[in-house]
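The next block holds one structure in the form of structure tokens; read it before the comments.
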Amino acid sequence: MVAYAIMSMLEPDYRWLEGDVLQIAPRILGWELESQAGGATTAGRIVEVEAYHGTNDPASHAYAGRTPRTMPMFDIGGTVYVYLSYGIHACMNIVTGPAGEASALLIRALEPTQGVNIMAQRRHTTALAKLTTGPGNLSQALGITVALSDTRLGTVLSLRPPTTPTPSLSIAIGPRIGISRATDYPWRFSLKHNPFVSPPRM
DNA sequence: AGGGTGATTAGG
DNA sequence: CTAATCACCCTC
């Protein structure tokens, strides 16, 4: 009992990520994504995500079934899935749902909260607006690489809840960006009027 | 609007 | 082995 209480304090509870990805997507806005990668603490509030809905979503990497790369997507909610895009950009996803479902949220933009100087060094710019906007850019800022794929939230990467809940009226919903299939699904979620959301803003 | 960049995947 | 395809980003 005591051991369980201590474990609960040390390990944040990510079981809420085992639900439906389309329910979780708006809820995760406002949460802080914190990284200990590279021996420094960097973090930002999540302001934009896209939902990828398992093996039935033509735009999802899981659509083709289980492959070596996408294996983490088939693990339980709270697993981290990072893939390399166009040979350059590491893009980070948080897996949702039960094991076998392969749904995930692509983190598309953050509002910087911790380690701004380090992020500026890694991004080779001091422009705050360019640090953590776009999935490849935020990974570079937080030191996220494909080496972190198939890890679990609560190790190198972790989530911290928002201080105030996000009103549903302040959430914009629209089609996903940069895909060639299922382009009409309204599965992109962002905070309205937030300057760190990637273009096109909604 | 166009191109760099290289892993990943299916197909021969 | 080859070739196509990319859940991107920067510069022009």
Side-chain angles (χ1 to χ4, degrees), chain A residues 17 20-22 24-26 28-29 33 35 37 42 44 46-75 77-97 101-112 119-151 153 157 172-191 195-202:
Chain A
L17 294 173
D20 176 52
V21 68
L22 294 177
I24 297 170
I28 207 170
L29 294 175
L33 176 64
S35 170
T42 48
I46 299 173
V47 298
E48 180 187 356
V49 298
E50 279 176 1
Y52 288 86
H53 207 163
T55 53
N56 293 321
D57 176 3
S60 172
H61 288 174
Y63 189 65
R66 230 177 261 253
T67 68
R69 179 181 63 156
T70 62
M71 193 174 55
M73 293 188 77
F74 291 83
D75 213 323
T79 300
V80 173
Y81 168 54
V82 185
Y83 69 93
L84 197 63
S85 179
Y86 293 88
I88 307 172
H89 313 287
C91 298
M92 185 225 166
N93 298 252
I94 294 174
V95 176
T96 63
E101 191 188 272
S103 292
L105 291 169
L106 171 66
I107 310 300
R108 288 194 56 88
L110 306 174
E111 176 175 330
M119 294 195 283
Q121 282 181 11
R122 289 172 176 165
R123 292 278 301 117
H124 306 109
T125 177
T126 55
L128 196 60
K130 294 184 177 179
L131 290 186
T132 54
T133 290
N137 290 340
L138 73 89
S139 290
Q140 186 179 21
L142 269 60
I144 297 170
T145 68
V146 292
L148 291 180
S149 196
D150 206 19
T151 62
L153 285 179
L157 302 172
I173 301 177
R176 297 174 290 185
I177 305 295
I179 55 173
S180 56
R181 295 182 294 193
T183 54
D184 54 332
Y185 295 15
W187 287 354
R188 177 177 181 231
F189 302 78
S190 65
L191 292 182
F196 297 96
V197 172
S198 68
R201 287 186 246 281
M202 300 183 285

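Just so it is clear: chains get the letters A, B, ... in the order the sequence lines come, proteins before strands, and each one is counted from 1.
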### Task
For dA7(C) and dA1(B), measure between their P atoms and round to the nearest Å.
22 Å
### Message
List the residues meeting side-chain hydrogen bond (donor to acceptor under 3.5 Å, both in side chains) with E48(A), not counting sequence neighbours, and say none if there are none.
### Response
R108(A), R188(A), S198(A)
### Any S60(A) side-chain heavy atom under 4.5 Å of M73(A) side chain
yes
### Task
Can you tell me which residue pairs pass the salt bridge (Lys or Arg N to Asp or Glu O under 4.0 Å) test with a partner in residues 81-97 of chain A, sequence neighbours excluded?
none
### Task
Using side-chain contact (heavy atoms from CB on, under 4.5 Å) as the criterion, list what pairs up with N56(A), not counting sequence neighbours.
none
### Task
For the residue pair T96(A) and S103(A), establish whether any side-chain heavy-atom pair is separated by less than 4.5 Å.
yes
### Message
Quick check on contacts: within residues 59-69 of chain A, what sits under 4.0 Å from DNA chain B by heavy-atom distance?
### Response
T67(A), P68(A), R69(A)
### Task
Rounded to the nearest angstrom, tell me the gap between atom CD1 in I94(A) and atom C1' in dA7(C).
15 Å
### Message
Quick check: do F74(A) and T79(A) have side-chain heavy atoms less than 4.5 Å from each other?
### Response
no
#### Entry: Check: V47(A) main-chain N/O paired with E111(A) side-chain donor or acceptor under 3.5 Å
no
Shorter than 3.5 Å, N or O on both sides, protein versus nucleotides 8-10 of chain C: list them out with atom names.
{"from": "dC8(C)", "atom 1": "OP1", "to": "R108(A)", "atom 2": "NH1", "distance (Å)": "3.4"}
{"from": "dC8(C)", "atom 1": "OP2", "to": "G178(A)", "atom 2": "O", "distance (Å)": "3.3"}
{"from": "dC8(C)", "atom 1": "O4'", "to": "S85(A)", "atom 2": "OG", "distance (Å)": "3.3"}
{"from": "dC8(C)", "atom 1": "O2", "to": "H89(A)", "atom 2": "NE2", "distance (Å)": "2.9"}
{"from": "dC9(C)", "atom 1": "OP1", "to": "P135(A)", "atom 2": "N", "distance (Å)": "3.3"}
{"from": "dC9(C)", "atom 1": "OP1", "to": "G136(A)", "atom 2": "N", "distance (Å)": "2.5"}
{"from": "dC9(C)", "atom 1": "OP1", "to": "N137(A)", "atom 2": "N", "distance (Å)": "2.9"}
{"from": "dC9(C)", "atom 1": "O4'", "to": "H89(A)", "atom 2": "NE2", "distance (Å)": "3.2"}
{"from": "dC10(C)", "atom 1": "OP1", "to": "R123(A)", "atom 2": "NH2", "distance (Å)": "3.1"}

### Task
Can you tell me which residue pairs pass the side chain to side chain donor-acceptor pair (under 3.5 Å) test with a partner in residues 132-145 of chain A, sequence neighbours excluded?
R123(A)-N137(A), R123(A)-Q140(A)
### Task
Mind checking side-chain hydrogen bond (donor to acceptor under 3.5 Å, both in side chains) for R69(A) and listing every partner two or more places apart, or none if nothing turns up?
none
### Query
So where does chain A start and stop touching DNA chain B, 5' to 3', when the test is distance under 4.0 Å to a non-hydrogen atom?
dG4(B) to dT9(B)
#### Entry: By side-chain hydrogen bond (donor to acceptor under 3.5 Å, both in side chains) - contacts of T55(A) (at least two apart)
none
### Message
If you define the side chain from C-beta out and look only at heavy atoms, does anything of L110(A) sit under 4.5 Å from L142(A)?
### Response
yes
### Query
Stem ranges for DNA chain B, with three or more consecutive Watson-Crick or G-U pairs under 3.5 Å?
B:1-4 with C:8-11, B:6-11 with C:1-6
### Message
Applying a 4.0 Å non-hydrogen cut-off, can you work out what M92(A) is touching in the nucleic acid: base, sugar-phosphate, or nothing?
### Response
nothing
### Task
Determine yes or no for a side-chain-to-main-chain donor-acceptor pair under 3.5 angstrom, with S149(A) supplying the side chain and V146(A) the backbone.
no
### salt bridge (Lys or Arg N to Asp or Glu O under 4.0 Å) contacts touching residues 53-64 of chain A (sequence neighbours left out)
D57(A)-R176(A)
### Message
Quick one about Y185(A) and H53(A) (side-chain donor to acceptor, distance below 3.5 Å, no hydrogens or angles considered), yes or no?
### Response
no
### Task
Could you check if a side-chain atom of L17(A) sits within less than 4.5 angstrom of a side-chain atom of V95(A), using non-hydrogen atoms only?
no
Contact list (N/O, under 3.5 angstrom) for nucleotides 1-3 of chain C vs protein:
none

